Amino acid sequence: PPFSRAAEFMHRAINMVPADPERSGPYIRYPAFGVTDTALAAAPQNIFYFAALGEVVSIIGGALYSGVTFGAPFVSNATIVAAGAALSTTARVWGVEYNKQLILHDGTNRPFMVSSAGAVTSLTNAPASAFGNPTVYYGKLFFIKAADRQTIAWSEENAANTGYEAIGYN
């Protein structure tokens, strides 16, 4: 069914199209960057197009893989943890590109950002956990707080780790 939530179905395909929409199969990175038909050890937690890197980034098992080969991770889960951040190895991951950084969170842990060079920075001033997809609006990064889904928190313009509920900004 087209709206199934089963793990074996792709939940969201941004900048991707099926190679054969009538018979299913691999997805092609749009516009025609390649085919993602490599067998995966686990279901992807999400797939993003990271323009600053010029590659599709897949999150599998809490690690970030670039391109379509799925060899060594672009950013390992150990690298994320070493930077003071955390990412679930199984939960859905939400994210958005902001100022040439990929902003990610899993709904439980504090959001963090990843540069195109693979540097990880925890967003220490952002909400402790967020709900749903972060949004960029007028140069600010917005999150819905997981603890209170009627409350939003936002950064200062072009500053992913400044603002939110930090002293002097709330």
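Keep in mind that what you see is a predicted model, and the values were worked out from it rather than measured.
Proximity of a side-chain donor or acceptor of Arg110 to a complementary backbone N or O of Ala126 within less than 3.5 Å is detected. At least one donor-acceptor pair closer than 3.5 Å links the side chain of Asn99 to the backbone N or O of Asn158. In this structure a side-chain-to-backbone donor-acceptor pair under 3.5 Å is missing from Asn77 to Ala63. Side chain of Asn109 to backbone of Ser129: no donor-acceptor contact under 3.5 angstrom is found. Using modelled atom types, one side-chain atom of Gln45 and one backbone atom of Ala91 make a donor-acceptor pair closer than 3.5 Å. In terms of modelled atom types and a separation under 3.5 Å, the side chain of Asp106 and the main chain of Ser88 share a donor-acceptor contact. The main-chain N or O of Trp94 is never found under 3.5 Å from a side-chain atom of Asn46 such that the two would form a donor-acceptor pair. In this structure a side-chain-to-backbone donor-acceptor pair under 3.5 Å is present from Glu97 to Ala51.
By the 4.5 Å heavy-atom criterion applied to side chains, Leu64 and Ser58 are not counted as neighbours. Contact of the Tyr164 side chain with the Pro127 side chain is registered, since non-hydrogen atoms from C-beta on lie closer than 4.5 Å. The shortest side-chain heavy-atom distance between Tyr65 and Val56 does not fall under the 4.5 Å cut-off. Counting only heavy atoms from C-beta outward, the side chains of Lys100 and Ser115 never approach each other to under 4.5 Å.
Val93 and Phe48 get closest at one heavy-atom pair: O-CZ, 4.0 Å. Here the shortest heavy-atom pairing between Val57 and Phe50 reads CG2-CB, 3.7 Å. Between Leu123 and Phe143 the shortest heavy-atom distance is CD1-CZ, 4.3 Å. Closest approach of Tyr98 and Glu156 over heavy atoms only: OH-O, 3.5 Å. When all heavy atoms are compared, the tightest approach of Ser155 to Ala159 is CB-O, 3.2 Å. Heavy atoms only, all atoms of each residue included: Gly132 and His105 are closest at O-NE2, 2.7 Å.
A search for side chain to side chain contact (heavy atoms under 4.5 Å, CB included) contacts involving Ala85 returns Ile80, Phe112, Val120, Ser122, not counting sequence neighbours.
Sorted by first and then second residue, the side-chain hydrogen bond (donor to acceptor under 3.5 Å, both in side chains) pairs involving residues 139-150 (not counting sequence neighbours) are Lys140-Glu157, Lys145-Glu165, Asp148-Thr151.
Here OG1 of Thr90 is found 9.5 Å from CG of Leu87. Values are rounded to the nearest 0.5 Å. The line from CG of Leu141 to CD of Gln101 is 11.0 Å long, rounded to the nearest 0.5 Å. Here Phe74 contributes atom CZ and Ser116 contributes atom OG; the two are 6.5 Å apart, rounded to the nearest 0.5 Å.
Residue Phe142 places its CZ atom among more than 12 non-hydrogen atoms of other residues, nucleotides or ligands, all under 6.0 Å distant.
Residue Val96 is tested with Val136, Thr135, Leu104, Asn133 for a side-chain contact (heavy atoms from CB on, under 4.5 Å); the sole match is Val136.
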